[in-house]
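Have a look at the structure below before the remarks.
Only this structure's heavy atoms are used, side chains among them; waters, hydrogens and symmetry mates stay out. First the proteins, then the strands, lettered A, B, ... as listed; each starts at 1.
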There are 2 protein chains.
Amino acid sequence: MSDGNATLLSFTGEKFEPCKVCGEPSSGWHCGAVTCEACKKFFLRSINGEDAKYKCIRNQDCVIVRTTRTQCQFCRFQKCKEVGMTNSENTNNPPVAEIFKRFPCAVCKAPSSGIHFGAITCEGCKGFFRRSIKERAPERYRCMENGTCEISAATRNMCRYCRFQKCLKAKIKSLPIRLNFKENLYLNTKR
Amino acid sequence: MSDGNATLLSFTGEKFEPCKVCGEPSSGWHCGAVTCEACKKFFLRSINGEDAKYKCIRNQDCVIVRTTRTQCQFCRFQKCKEVGMTNSENTNNPPVAEIFKRFPCAVCKAPSSGIHFGAITCEGCKGFFRRSIKERAPERYRCMENGTCEISAATRNMCRYCRFQKCLKAKIKSLPIRLNFKENLYLNTKR
DNA sequence: AAAGGAGGTCACTAGGTCAG
DNA sequence: CTGACCTAGTGACCTCCTTT
């Protein structure tokens with residue numbers, strides 16, 4: 001999409017983790033990975049054929065950190081590729097999945113994977129909610145304590161009742177639920 | 001938009017929402033936005049260089065409503081620009097897209113985006129119909145209920161069968177289907 | 001030479017799957 | 001039963017064509 005990038009990607013006011021190549025503070029997503037400006041520039045210089053000149057005088061396994069990154073171009077470039085940097089277009093923005101990982105699930109606070117049923121949730125809570133309303137009777141969930149169980153990534157499976165309550169509180173919408181695609185399509189793969 | 005304006009734009013007998021600038025009842029589309037007469041005049045006075053004199057004595061974030069709109073010219077003009085008012089020609093009619101937004105999609109009642117396949121529909125139903133007839137077998141859609149599912153913006157994805165029936169009922173015409181660009185190109189270059 | 005509709009694109013998610 | 005991963009769509013936005 002030409003620049004519908006203005007969608008989710010523009011929410012990225014967050015901080016990025018350290019440069020994947022050298023460990024320094026990073027400046028964002030460049031060429032397919034979170035890197036510092038220095039490693040970004042290095043990578044961009046390298047991919048124009050420059051890398052053909054790179055030689056490692058040791059065993060091609062030099063450790064790349066801030067203080068050593070200039071000592072072996074070969075291994076630095078190697079690491080750039082290892083962490084996923086690429087030459088292709090459209091790699092200056094993190095994939096949406098990366099963004100969502102930094103938003104906590106509205107139910108259990110684990111890293112989320114997107115907007116599901118109208119709320120930001122993880123895959124686990126998404127699946128739990130779907131199963132609950134489609135093939136179960138969530139009104140039959142019972143809390144063995146007093147209905148105030150904490151729901152975290154570590155504890156979310158301990159009480160279905162409280163997990164489901166937390167889903168409702170998170171404004172997860174039970175409708176519209178799409179009907180079973182395949183049944184609705186009457187898929188017969190022979191034909 | 002030369003003035004084929006006599007086409008769709010003359011349908012606009014509808015009521016407009018409140019003035020985008022001050023919230024008062026509006027009188028129509030002026031200079032690129034729905035505004036009241038007062039804000040229209042204010043904007044037209046401002047754009048002749050008048051605005052150079054405007055100063056905000058607060059923080060350039062004055063709230064602009066009916067009762068306050070005359071208290072800060074700077075912020076009022078600011079808001080005019082924010083809501084999209086412009087100096088350019090031909091902004092006294094809403095863009096056609098705006099008009100269609102007020103016509104409900106003949107299939108699902110969501111705001112429509114134009115005439116597609118002979119009926120006023122939204123982008124969603126347009127795409128659904130196109131995919132149905134071009135790359136699927138809509139006769140294989142099956143309703144899991146009894147063929148009377150309600151099709152609204154919220155429920156349109158719940159039953160393909162009923163959505164497709166609604167398309168047919170809305171007189172969406174499946175023909176003529178234009179050759180796609182590539183096929184067309186091929187035919188043209190062939191001879 | 002502009003309007004506007006057909007068809008294409010692709011970011012994104014609902015629902016399915018199945019090893020654990 | 002859970003949840004990471006996958007598939008099949010969906011629809012907002014875009015490009016290019018036809019028509020006026």
Does [N] have OP1 or OP2 under 4.0 Å away from a side-chain N or O of [X]?
{"X": "Arg156(B)", "N": "dG11(D)", "answer": "yes"}
{"X": "Asn157(A)", "N": "dG3(D)", "answer": "yes"}
{"X": "Arg163(B)", "N": "dG11(D)", "answer": "yes"}
{"X": "Arg131(B)", "N": "dG9(D)", "answer": "no"}

* Counting side-chain heavy atoms from C-beta on, which of dG7(C), dG15(C), dT2(D) comes nearest to Arg160(A)? -> dT2(D)
* To do: Describe the nucleic acid contact of Gly127(A) in one word from base, sugar-phosphate, nothing, applying a heavy-atom distance below 4.0 Å.
  => nothing
In whole Å, I'd like the distance from the [atom1] atom of [X] to the [atom2] atom of [N].
{"X": "Lys134(A)", "N": "dG16(C)", "atom1": "NZ", "atom2": "C1'", "answer": "10 Å"}
{"X": "Ile151(A)", "N": "dT2(D)", "atom1": "CD1", "atom2": "P", "answer": "12 Å"}
{"X": "Ile133(B)", "N": "dG7(C)", "atom1": "CD1", "atom2": "P", "answer": "7 Å"}
{"X": "Glu123(B)", "N": "dT15(D)", "atom1": "CD", "atom2": "C1'", "answer": "13 Å"}
{"X": "Phe100(B)", "N": "dG4(C)", "atom1": "CZ", "atom2": "C1'", "answer": "9 Å"}
{"X": "Ile115(A)", "N": "dT13(C)", "atom1": "CD1", "atom2": "P", "answer": "5 Å"}
{"X": "His116(B)", "N": "dG11(D)", "atom1": "NE2", "atom2": "P", "answer": "13 Å"}
{"X": "Phe129(A)", "N": "dA14(C)", "atom1": "CZ", "atom2": "C1'", "answer": "13 Å"}

* Of Gly118(B) and Gly114(A), the one whose closest DNA chain C nucleotide lies more 5' -> Gly118(B)
* To do: For the residue pair Cys167(A) and Phe117(A), establish whether any side-chain heavy-atom pair is separated by less than 4.5 Å.
  => no
* To do: Check the angle between the aromatic planes of Phe164(A) and Phe128(A) and answer parallel, tilted or perpendicular using the 30° and 60° thresholds.
  => perpendicular
* Asked: Aromatic rings Phe42(B) and Tyr54(B): how do their planes relate, parallel, tilted or perpendicular, breaks at 30° and 60°?
  -> parallel
* To do: Any chance you could lay out the side-chain contact (heavy atoms from CB on, under 4.5 Å) test for Thr155(A) and Cys149(A), step after step, and finish with the verdict?
  => CA-CA 9 Å; Thr155(A) 62; Cys149(A) 301; over 6 Å; no
* Structure fact -> Taking for Tyr141(A) and for Lys126(A) the nucleotide of DNA chain D with the nearest heavy atom, the one nearer the 5' end belongs to Tyr141(A)
* Quick check: does any side chain N or O of Ser112(B) sit under 3.5 Å from a backbone N or O of Phe100(B), one acting as donor and the other as acceptor? -> yes
